[in-house]
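In what follows, every chain begins at residue 1, and chains take the letters A, B, ... in the order their sequences are listed. What you see is a predicted model; the values in this text were computed from it and never measured.
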Amino acid sequence: MPAVRDRYAPSPTGALHLGGARTALFNYLYARQQGGQFLLRIEDTDRTRFKDGSQALIEEGLRWLGLNWDEPPLVQSERKPIYHQAAETLLASGAAYRCFCTPERLNEMRAEQRARKEPEKYDRRCRSIPPAEARRRADAGERHVVRQAIPTEGTTTLQDLVMGTVVFKNATLDDHVLLKSDGYPTYHLAFAVDDHQSRVSHVIRGDGWLPSAPKHLLLFQALQWDPPAFAHLPLVLGPDKKPLAKRHGARDVLEYREAGYLPEAVVNFIAFLGWSPGTTEDILTIDELIARFAIDKIQPSPAMANLERLDWLNGQFIRRLPVAELAKRIAPLMPGIAVESIEPLIPLVQERLRTLNEAREMLRFFFQEPEQVQLPQLVPKGRDAAGTTAALTAAAAALRGLSDWTLETIEPVLRSVADQCGWPARDLFMTLRVAITGRTVTPPLIESMGRLGKDRVLARLQRAAQTLTGPSPN
RNA sequence: GGCCCGUUCGUCUAGUUGGCCUAGGACGCUGCCCUCUCAAGGCAGAAAUCAGCGGUUCGAAUCCGCUACGGGCUACCA
């Protein structure tokens, strides 16, 4: 049994989106599980769609997800001679032929076929040109392509690891182009040559390729190479049930990083798009995914990305992170604030976060004086400014008298202040919350006060009381 | 038009050697508990006539056929 080698082979036309990331992930999981290699190949034979910087973006996305490849990526545009050599072999054996038809003729032909409601495929006119004559014309510089000569009879059977056995009638297959007139190979030729040379054992790719799989099989056969095993992955759909390649909220994997998602969560999320371990487990690390992955557990039907689930997963993974690690990941989002200052606050927010970015807002009041203490919520329903000022002042006075500043000392004091004022404790807590943090939704108040320190708490209470007593004199 | 793939709660799915499925889990949703806000957590609940029809069988979500619907491919794009 030859070693397992698989690959992710994107074309550099943009960034890495969720669907591509999933294809890469499945290849990665399988290779790692089998102790094989995961390769990256850049499919850049179409110079018209090529986008500068795309390769770097794709690589960054893969790296962020932790999908590291084992060998330097093969770049097809640097390998033209190799493809030509394969084309020559095919030409020599009659498995391919030169075609001199012009684009204009091809267009006319298709228009007629369409009008007659016939299948649109090349009519094979050039297939009957004697090879010697074709070679002469080619040598004379006549512009041409090389087409695959598909057998006119029989069937080609694909044993797909996901789709099962799929039988194609050869007669329905088109003589597609292998070598373009600009000298570049099409995907089909490059695919066969590259995967053979890279000793790829498993081709795990999007099911957009399923219809051309028989031609690929035929190509391997004509070249007398052992074909790899195939696994065609169903589409990933967006929330609108349209293929998730085009315009959807965040389509680039790196945008999820910007939005505060953990790569662990994104990996877990896309792993379950069309695959499941067959158990009720739903939160798995990448190592657990590697251990459980199985190609035959991949669903043959398309999966729709449920972004709400990603949010939930993200929260789950955030909660599982060690405090120091979480602090380290949040720190870059809060420029100017040291990790050391953030770490002690982590326990207050860890179970409240859905995305990393939310920490910034939640923790802001620790590093910055609140601005909107004049929130209407400062005064509880049914109370007035005077009563609230009194409560604030009473609380401040009581807190000032504390010699110990701990959760155990602060809370009882505040509760008794509430009693004295005739307020329910919850009302007092909300007033204090707004006064101290400037917000109505915060980490636990008492603990926050503890971390903030007595002086800053008292100062903020005082300031809030002042804003209540009327227009400030400044 | 031709070729090919698919169809279990709103969504991701379990189910694949037919019986333990009056279809299980998760997200989301609703309610309750906890509670200083918000979360988290706990408990409970609503939610799928397994696309439809017809077979095979003592018995089918699971096997077969047909239909419908959805999707992909049909380029000198990948």
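- Distances from the side chain of Leu106(A) to the nucleotides A26(B), A78(B), C76(B) place C76(B) closest.
- Contacts of Lys180(A) with the nucleic acid, taken as non-hydrogen atoms under 4.0 Å apart, include base atoms.
- Using a 30° and 60° split on the angle between ring planes, Trp209(A) and His188(A) fall in the perpendicular class, above 60°.
- Aromatic rings from Phe293(A) and Trp275(A) are positioned such that their centres are separated by under 6.0 Å.
- Taking a cutoff of 4.0 Å between a charged side-chain nitrogen and a carboxylate oxygen, Asp195(A) and Arg205(A) do not qualify as a salt bridge.
- Figure legend. C38(B) is base-paired to no nucleotide; pairs are counted as Watson-Crick or G-U wobble with both atom distances under 3.5 Å.
- Pairing for A44(B) is with U30(B), a Watson-Crick or G-U wobble pair whose two hydrogen-bonding atom distances lie under 3.5 Å.
- Side chain of Lys297(A), nearest nucleotide from C77(B), C5(B), A14(B): A14(B).
- Under the 6.0 Å cut-off for aromatic ring centres, Phe317(A) and Tyr261(A) do not qualify, their centroids lying 6.0 Å or more apart.
- If Thr279(A) and Tyr187(A) are placed on RNA chain B by their nearest nucleotide, the residue sitting closer to the 5' end is Thr279(A).
- Taking atom CD of residue Gln299(A) and atom C1' of nucleotide G15(B), one finds them 10 Å apart after rounding to whole Å.
- Within the 4.0 angstrom heavy-atom criterion, base atoms lie near Thr442(A).
- The residue Arg47(A) sits apart from the nucleic acid: no heavy atom pair falls under 4.0 Å.
- Residue Thr186(A) has its side chain nearest to C76(B) when only C36(B), U37(B), C76(B) are considered.
- Partner assigned to A14(B) is none, using Watson-Crick or G-U wobble distances below 3.5 angstrom.
- You'll find that the side chain of Arg433(A) is closest to C36(B), out of C27(B), C76(B), C36(B).
- For a distance-only test at 3.5 Å, the side chain of Thr172(A) fails to qualify as a donor-acceptor partner of the base of C3(B).
- Residue Pro444(A) has its side chain nearest to C36(B) when only C36(B), G1(B), A26(B) are considered.
- Here the side chain of Pro300(A) is nearest to one of G6(B), G41(B), C76(B), namely G6(B).
- Between Ala305(A) and Arg319(A), the residue anchored closer to the 5' end of RNA chain B is Ala305(A), taking for each the nucleotide with the nearest heavy atom.
- Among the heavy atoms of the strands lying under 4.0 Å from Pro103(A) is at least one base atom, whether or not backbone atoms are also near.
- Of the candidate nucleotides A26(B), U11(B), A78(B), U11(B) has the atom lying nearest to any side-chain atom of Asn306(A).
- Taking 4.0 angstrom as the limit, Arg354(A) places a side-chain polar atom (N or O) nearer than this to OP1 or OP2 of G28(B).
- Under the Watson-Crick and G-U wobble criteria, each requiring two contacts below 3.5 Å, nucleotide G59(B) is left unpaired.
- Within the nucleic acid shown, Arg147(A) comes within 4.0 Å of sugar-phosphate atoms alone, with no base atom in reach, counting heavy atoms only.
- Considering only side-chain N and O atoms, Arg110(A) lies under 4.0 angstrom from the phosphate OP1 or OP2 of A75(B).
- Using the Watson-Crick or G-U wobble rule with both distances under 3.5 Å, A68(B) pairs with U7(B).
- Asn268(A) places its CG atom 20 Å from the P atom of G25(B), with the value rounded to the nearest Å.
- Considering every non-hydrogen atom in both Arg456(A) and Phe365(A), the closest pair reads NH2-O, 4.5 Å.
- Across all strands shown, nothing is found opposite U49(B) as a Watson-Crick or G-U wobble partner with both distances under 3.5 Å.
- More than 12 non-hydrogen atoms from other residues, nucleotides or ligands lie less than 6.0 angstrom from CZ of Arg319(A).
- At a threshold of 4.0 angstrom between heavy atoms, the contacts of Ala303(A) are confined to the sugar-phosphate backbone, with no base atom among them.
- When heavy atoms are screened at a 4.0 angstrom cut-off, Pro234(A) is found touching no nucleic acid atom at all.
- Here C73(B) sits opposite G2(B) as a Watson-Crick or G-U wobble pair (both hydrogen-bonding atom distances under 3.5 Å).
- The residue Glu43(A) sits close only to the backbone: its heavy atoms come under 4.0 Å of sugar-phosphate atoms, none of a base.
- Within 4.0 Å (heavy atoms only), Gly274(A) reaches sugar-phosphate atoms of the nucleic acid but no base atom.
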